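Notes to accompany the following structure.
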Amino acid sequence: MPHPSLATRASLREVRYDIRGELSRRARELEAQGRHLVRLNIGNPGAFGFRAPPHLQAAVAAHVPQSDPYTHQQGLPLAREAVAEHHRRRGTPNASAERVFIGNGVSELIDIALRALLNPGEEVLLPSPDYPLWSAATLLNGGRPVYYPCRPENGFLPDPDEIEARLTACTRALVVINPNNPTGANYPPELLRRLAGIAARYGLLLMADEIYDGILFDGATFTPLAPLAGDTPCLSFGGLSKVWRACGWRVGWAVLSGDPLRIGDLHHAMDLLSAMRLCANVPAQFAVPAALSGPDTIAALTAPGGRLHASRRAVIEGCAASPHLQLVAPAGALYAFPRVVGPAAEEFDDQAFALELLESEDLLVVPGSGFNLPASRHFRVTLLPEAEVIGDVFARIHRVLERHALRARARHVA
Ligand SMILES: Cc1ncc(COP(=O)(O)O)c(C=O)c1O
């Protein structure tokens, strides 16, 4: 008798992770056939020639001989103390090494935190568009994502009243991604204060994904959420992947702040789940003190004359040069999220558009619907390629959109 095939977890069917999904698989096939693609789909600095700063590399290399044992489940004490000190400097209340968790990237810590928090059916307020790992981790841990809109008309900033309107008796957490992936929005202090106020009034956990906290353009400044949250429980996430260009090292941290009485069992739950995966990658944890107390190496890249500054400019100019594109200029992070407008946007299917860019122009982008944005006319590109490459990328995108616009005009005439 034939054996039935194995069933997998049903909730996985609701999960989308288009950043590395079908399009990415098709891209690999095309590359195997000898095509040269421009991959704009992942914020992977190392893949674009960025290197982790030498003082971080030296710190890891010097400590390999001490990296054999497992560490404490929350991480190496010296790494946790460095994160706590960094957070004390920026005003996080009661930041201490005991309240720091080191993980294999922020990704693992997002999963651990949501697993520690959620009972089946409980709700998490997430931005739309989101960074899709947040939705996936919510669903896979039994929760329900509830999206609050971040509209381009409002600079991709959320409206606190719309967030409040989505609260139910089941809401447990409010996720804030700042500076934002995929939109590049940088949240102002007054907005963050209002978001913290909502969490305080309704007893929610604030989850602040601040992995891009050092990547800002044109004089924008980052405001951390935890100092504004005060006694309200808040988990602040950061790591080496982006600001220090070391995403392959898999080092992230989460800092728990707020009144211990309100935090309740969360610390213990996260500690227990961390213990079950033993510890995070040890050698790379030795880079954390070097990163947080060493020289600033990102500002030279984002300031005028820097490579990221030039690439962001090229994206802004590329969008401005096409009547088919509109862009809210990213204030921070490593992405832009342009919108297709006008006749080219009629009968628009963002997945089909992304596939067309891949098949006909050798460009790999992520369609906006990959960020849990329904009926999206957006797509995301990373700012990581060199400016000249980006100029050429937008010329190719314009070429495809011209075809769309021509077809729309022909439909109107017919
Ligand atoms: C908003 C956001 N959060 C978290 C992550 C995951 O980071 P890590 O490499 O630390 O797992 C990313 C990666 O792109 C991200 O964009």
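All figures in this text were calculated on a predicted structure; none of them were measured in a lab. One-based numbering, in listed order, for ligands and for the atoms of each.
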Check: For Y335 and Y212, does a side-chain donor sit closer than 3.5 Å to a side-chain acceptor?
Finding: yes

Next item on the list: Compute the centroid of each ring, for H378 and then for F156, and state whether the two points are separated by less than 6.0 Å.
Entry: yes

Check: Does the pair E359 and R26 meet the rule for a salt bridge (Lys or Arg N to Asp or Glu O under 4.0 Å), with working shown?
Finding: CA-CA 9 Å; E359 299 284 352; R26 177 68 185 140; 2.6 Å; yes

Next item on the list: Report yes or no: do T92 and R99 form a side-chain donor-acceptor pair below 3.5 Å?
Entry: no

Item checked: Any side-chain heavy-atom pair of P132 and F371 under 4.5 Å -> yes

Close N/O pairs between ligand 1 and protein, under 3.5 Å:
from, atom 1, to, atom 2, distance (Å)
ligand 1, 3 (N), D209, OD1, 3.3
ligand 1, 3 (N), D209, OD2, 2.6
ligand 1, 9 (O), S241, OG, 2.6
ligand 1, 9 (O), R250, NH1, 2.8
ligand 1, 10 (O), V106, N, 2.7
ligand 1, 10 (O), S241, OG, 3.3
ligand 1, 11 (O), V106, N, 3.2
ligand 1, 11 (O), S107, N, 3.0
ligand 1, 11 (O), S107, OG, 2.5
ligand 1, 11 (O), R250, NH2, 2.8
ligand 1, 14 (O), Y212, OH, 3.4
ligand 1, 14 (O), K242, NZ, 2.9
ligand 1, 16 (O), N181, ND2, 2.7
ligand 1, 16 (O), Y212, OH, 2.6

Notebook entry, point to check: Is the H404 ring parallel, tilted or perpendicular to the F348 ring (thresholds 30°, 60°)?
Noted result: tilted

